[in-house]
2 protein chains.
Amino acid sequence: MISQKARYALRALIALSRANNSMMIAQIAEEQQIPRKFLEQILLDLKHNGIVASRRGRLGGYGLLMPPDQITFGRVLRIVDGPVAPLPCLSRIAYRRCTDCKTEANCEIRRVFARVAEAVRDVLDRTTIADAIGNGWPEIAGAEKNAEKEKKSVPLQA
Amino acid sequence: MISQKARYALRALIALSRANNSMMIAQIAEEQQIPRKFLEQILLDLKHNGIVASRRGRLGGYGLLMPPDQITFGRVLRIVDGPVAPLPCLSRIAYRRCTDCKTEANCEIRRVFARVAEAVRDVLDRTTIADAIGNGWPEIAGAEKNAEKEKKSVPLQA
DNA sequence: TAAAACACTACTTATTAGATAGAGTTTTGG
DNA sequence: CCAAAACTCTATCTAATAAGTAGTGTTTTA
């Protein structure tokens with residue numbers, strides 16, 4: 001099971017992608033029904049990991065640091081939940097040998113779960129936020145809408 | 001990540017399959033380096049779920065209730081760890097609606113993880129203990145060895 | 001009939017999930 | 001220039017879960 005936190009993170013990123021503009025924490029929190037202070041931490045974490053950028057002060061807010069079709073589910077999950085692998089000894093970002101199994105190469109359990117891990121990565125590392133919402137970025141059809149919003153948009157800071 | 005408990009369960013079942021005979025808890029615990037009292041609980045749980053059978057008293061022990069090629073990883077994991085699905089709303093054994101998402105049918109996150117769930121089940125529900133150890137049961141080649149052991153073997157109780 | 005083995009239930013302890021709280025730092029409208 | 005608005009950071013809290021321990025009860029058989 002993925003954590004609630006990871007789901008919040010994904011929902012926030014989807015919201016930001018749809019908005020096609022920066023949004024304030026409070027705005028995302030209300031729209032997505034996410035506890036505001038919890039969302040703050042999540043966004044901060046995503047910022048520290050180069051997914052989003054922010055701006056402080058009165059016209060502050062968060063925005064994507066890259067187009068939605070470059071943000072994979074796998075990357076977000078690894079930031080928020082840690083390893084995606086079903087066993088520590090199969091993790092790429094946090095490999096840890098299993099203390100008990102003698103020789104990793106012929107561990108029956110590892111062999112089976114290696115196939116699970118591969119299947120999971122096959123989906124998570126190939127599916128982006130853009131795939132999830134069903135379009136790329138920037139929205140080509142929304143050119144006029146974008147132009148209108150650009151007046152109000154302010155540069156964000158990584 | 002799957003739990004340590006699930007790994008112990010799988011290892012115990014692999015040991016029982018290899019032994020091709022009933023084993024005492026203490027025997028499995030020592031061989032597999034599993035805390036004995038913890039293993040007791042696990043085996044009891046597997047017994048309550050029809051995977052293994054036991055016999056009490058002096059010549060007691062545990063044995064498989066079905067051939068290893070009929071015990072899938074998925075079944076064991078669901079008994080020991082609960083749902084295999086990445087989201088409650090994708091679980092077959094413990095479905096729970098996500099409180100927050102309005103309409104399940106067009107939840108972007110659910111759509112993506114449905115593909116993950118399918119991929120995971122594809123491996124876990126098709127892979128058996130026999131697959132993991134690389135042979136079926138009973139061992140056709142071990143006919144004489146089996147006959148020898150049959151003298152000592154005692155019927156187990158489901 | 002007592003020792004050996006499983007059966008059951010309750011407890012413990014450490015970690016994690018899911019928040020909440022609050023003080024600090026930037027930014028900007030007036 | 002300053003106060004309100006918004007992000008930043010760190011600490012704390014509570015409930016649940018993971019992983020294991022403990023102890024008493026029940027069954028079997030040498």
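For clarity, every value in this text was computed on a predicted model and none was experimentally measured. Letters A, B, ... mirror the listed sequences (proteins, then strands); counts begin at 1.
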Within this structure, what is the [atom1]-to-[atom2] distance between [X] and [N], rounded to whole angstrom?
| X | N | atom1 | atom2 | value |
| --- | --- | --- | --- | --- |
| A:R58 | D:dC2 | CZ | P | 16 Å |
| A:M24 | C:dT26 | CE | C1' | 15 Å |
| B:K5 | D:dT17 | NZ | P | 12 Å |
| B:D45 | D:dA19 | CG | P | 14 Å |
| B:R7 | D:dA18 | CZ | C1' | 12 Å |
| B:F38 | C:dA7 | CZ | P | 17 Å |
| B:M1 | C:dT15 | CE | P | 17 Å |
| B:R56 | D:dA30 | CZ | P | 17 Å |

task = Check every strand shown and say whether A:K37 touches a base, only sugar-phosphate, or nothing at a heavy-atom separation below 4.0 Å.
result =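 Counting heavy atoms under 4.0 Å across all strands, the contact made by A:K37 includes a base.
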
ask   = Counting any heavy atom closer than 4.0 Å, what does A:L43 reach on the DNA or RNA strands: base, sugar-phosphate only, or nothing?
value =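 Answer is nothing: A:L43 stays at 4.0 Å or more from every strand.
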
inquiry  = How close do B:M66 and B:G50 get, counting heavy atoms only, and between which atoms?
reply    = CE-O, 3.4 Å

Any side-chain N or O of [X] under 4.0 Å from OP1/OP2 of [N]?
| X | N | value |
| --- | --- | --- |
| A:S3 | C:dT16 | no |
| A:K47 | D:dT8 | yes |
| A:H48 | D:dC9 | yes |
| A:S54 | D:dT8 | yes |
| A:Y8 | C:dA19 | yes |

Nearest-nucleotide 5' precedence on DNA chain C, A:L39 against B:G61 = B:G61

Counting side-chain heavy atoms from C-beta on, which of [options] comes nearest to [X]?
| X | options | value |
| --- | --- | --- |
| A:L44 | D:dT27, D:dA4, D:dT8 | D:dT8 |
| B:Q41 | D:dG25, C:dA10, D:dA5 | C:dA10 |
| A:Q4 | C:dC6, C:dT20, C:dG18 | C:dG18 |
| B:R36 | D:dA4, D:dT21, C:dC6 | C:dC6 |

task = Inspect the contact between A:R18 and B:E108 and indicate whether a charged nitrogen and a carboxylate oxygen are less than 4.0 angstrom apart.
result =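 Yes, B:E108 and A:R18 are salt-bridged.
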
task = Flag the pair B:E40 and B:K37 as a salt bridge only when some basic side-chain nitrogen lies within less than 4.0 angstrom of an acidic carboxylate oxygen.
result = yes

ask   = Any side-chain heavy-atom pair from A:I25 and A:Y62 closer than 4.5 angstrom?
value =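 Heavy-atom side-chain distance check passes, below 4.5 Å.
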
request  = Quick one: pull up CD1 in A:I129 and CG in A:L16 and give me the separation to the nearest 0.5 Å.
outcome  =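 So the CD1 of A:I129 and the CG of A:L16 are separated by 9.5 Å.
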
query = Closer to the 5' end of DNA chain D via nearest nucleotide, is it B:I2 or A:E40?
reply =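 Whichever sits nearer the 5' end wins; that is A:E40.
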
inquiry  = With ring pair (Phe, Tyr, Trp, His ring centres under 6.0 Å) as the rule and sequence neighbours excluded, what pairs involving residues 14-33 of chain B come up?
reply    =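 The answer is none; no pair qualifies.
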
